[in-house]
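Naming convention: chains lettered A, B, ... in sequence-line order (proteins, then strands); numbering from 1 in each chain.
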2 protein chains.
Amino acid sequence: MWGVPRVSEEHLIARREQILAAARVCFLSKGLHTTSMQDLIHEAGLSVGAVYRYFKSKNEIIAAIAATVVGGIQQHIDQVAVRRLPLIDSMSLVLDGVDDQLGPGGYLPVALQVWSEATLDPVIGAIVKEKYEGLRASMRVLVVQAVESGELPADADIDATTAAIYGFLPGYALQRLLTGVPDKATYLVGIRTLLNSRRPADDAAVIQSRQ
Amino acid sequence: MWGVPRVSEEHLIARREQILAAARVCFLSKGLHTTSMQDLIHEAGLSVGAVYRYFKSKNEIIAAIAATVVGGIQQHIDQVAVRRLPLIDSMSLVLDGVDDQLGPGGYLPVALQVWSEATLDPVIGAIVKEKYEGLRASMRVLVVQAVESGELPADADIDATTAAIYGFLPGYALQRLLTGVPDKATYLVGIRTLLNSRRPADDAAVIQSRQ
DNA sequence: TCTCCTAAAACGAATGCTCGTTCTTTTATG
DNA sequence: CATAAAAGAACGAGCATTCGTTTTAGGAGA
């Protein structure tokens, strides 16, 4: 290294994140395919060449977005898990996290774009598969806790039950995204009703919790 | 009408369906946006002008696909409902219908494309919203039956419970599309476990049912 | 500390291609 | 034979990406 002309590594990372942030904004409002590189570049406030220094194609940007779009909610779930609350309370907190991602600035609409792309592009598909298996693993912890605490039967099939409980998350998110309902409180009442089915004694509390 | 040069109305309808069938094939393999009009026209075996006689834009074709893509599964659910089976058996049959749509020739991957588009295009969004509210209404019938039969508490919140049960469908479909698991039998064991939670006496039957 | 100098970093005009759509022409029908 | 239906060439716009040029950061030599 003679005439070393490099910029700080933090700067490189920051530039990369600047591009990804712009990509998230664009993808959120225009979608993966309707967003042009020009749109994205303009949003980032950079030049064509600058962006192509950090990502060698649009697909590579999409792949990077796909890899990061699950991170927030998984972190949230892991934080819920360490509190070792009753299952329904954990679910309530988890759904709060989903709500965050549904609201303004949330990435669930982008995630939906990514899911769609995952069924068409094997590279994106592999990334998504890995990430959502990780997310299921986080949810699995909640199920194990519920079995340990006696909320679920001791001989319950952990993976099967995890799949069903995990299904509540996209089940909620998609209903909200596509039809606008239900709100979290209502959905939670529904979950509680299923968990407590054939135990009418609990239902007064359920009704009350809906307010 | 003097020198009437019109072709039979059936012919017109058939041509329209021919175009939509080609669209479904293309959208399934290439996605809504990567499919060009040329692709679609070639798949239909028609000319540019012929297609534009029946649909005035690509968006109009997408909208027509969006409107039809839910039909199959809803019809299936309605048929399940008239049999008035126990809830878990109804769910088993409903999930069979979902499996059909997941397999080769099934339209769930296209549906996922459509959901994605629905968050970006208000016209598609309105169509999707209406269709999936209809689907939820079909699922609601199953919940009402379960309340009537005593499988769910008499004072259960019907709409809340419907939302939760309905969530099982996209919850299953998305897990299968994105991660490949679980299979229907496993997911059903999970649902059964949740429905029977805190009733360990039933679990022997649950385990057995998994095979 | 202050200049140079070099290579990385950033720039943006240019490119070639494909897109959705239009429109004129040809064909087929009752 | 009048007209709907089908055909397909043509078009301008916009796309992702390339590449030659300019700017800038920061170590080396004084």
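Sorted by first and then second residue, the pairs that involve residues 80-94 of chain A and meet side chain to side chain donor-acceptor pair (under 3.5 Å), not counting sequence neighbours, are Arg84(A)-Glu148(A), Ser92(A)-Lys184(A).
The nearest whole Å value for the distance from the CD1 atom in Ile62(A) to the P atom in dC15(D) is 14 Å. As a whole-Å value, the separation of Glu9(A) CD from dA9(C) P is 11 Å. Following rounding to the nearest Å, His33(B) (NE2) and dA16(D) (C1') show an atom-to-atom distance of 17 Å. dA13(D) atom P lies 20 Å from atom NZ of Lys58(B), rounded to whole Å. In this entry the distance linking CG of Leu32(B) with P of dG20(C) reads 11 Å, nearest Å. Between the P atom of dA25(D) and the CG atom of Leu12(A) lies a distance of 13 Å, rounded to the nearest Å. The CD atom of Gln18(B) sits 15 Å away from the P atom of dA5(D) (whole-angstrom rounding).
Contact annotation for Ile61(B): no contact, since no heavy-atom pair falls under 4.0 Å across all strands. Thr35(A) comes within contact range of the sugar-phosphate backbone alone, with a heavy-atom separation under 4.0 Å but no base atom that close.
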Criterion side-chain hydrogen bond (donor to acceptor under 3.5 Å, both in side chains) on Thr179(B) and Glu133(A), from CA distance to verdict: CA-CA 7 Å; Thr179(B) 73; Glu133(A) 283 171 347; 5.3 Å; no

In sequence, state the C-alpha distance, the side-chain angles, and the governing distance for Arg24(B) and Glu43(B), and then conclude on salt bridge (Lys or Arg N to Asp or Glu O under 4.0 Å). CA-CA 10 Å; Arg24(B) 272 184 285 255; Glu43(B) 176 70 33; over 6 Å; no

Trace of the side-chain hydrogen bond (donor to acceptor under 3.5 Å, both in side chains) decision for Thr186(B) with Asp183(B): CA-CA 6 Å; Thr186(B) 302; Asp183(B) 62 15; 2.7 Å; yes

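Of the side-chain N and O atoms in His11(B), one or more sit less than 4.0 angstrom from OP1 or OP2 of dA6(D). Put simply, Ser36(B) has a side-chain N or O that comes within less than 4.0 Å of OP1 or OP2 on dC19(C).
His33(B) and His33(A) have parallel rings, their planes meeting at less than 30° on a 0 to 90° scale where 60° marks the start of perpendicular.
The two residues Glu151(A) and Leu85(A) have their closest heavy-atom pair at OE1-O, 4.5 Å.
Residues from residues 37-55 of chain B placing a heavy atom under 4.0 Å of any atom in DNA chain C, listed by number, are Met37(B), Val48(B), Tyr52(B).
The one candidate from Glu60(B), Arg53(B), Lys58(B) that meets the side chain to side chain contact (heavy atoms under 4.5 Å, CB included) condition with Lys56(B) is Glu60(B).
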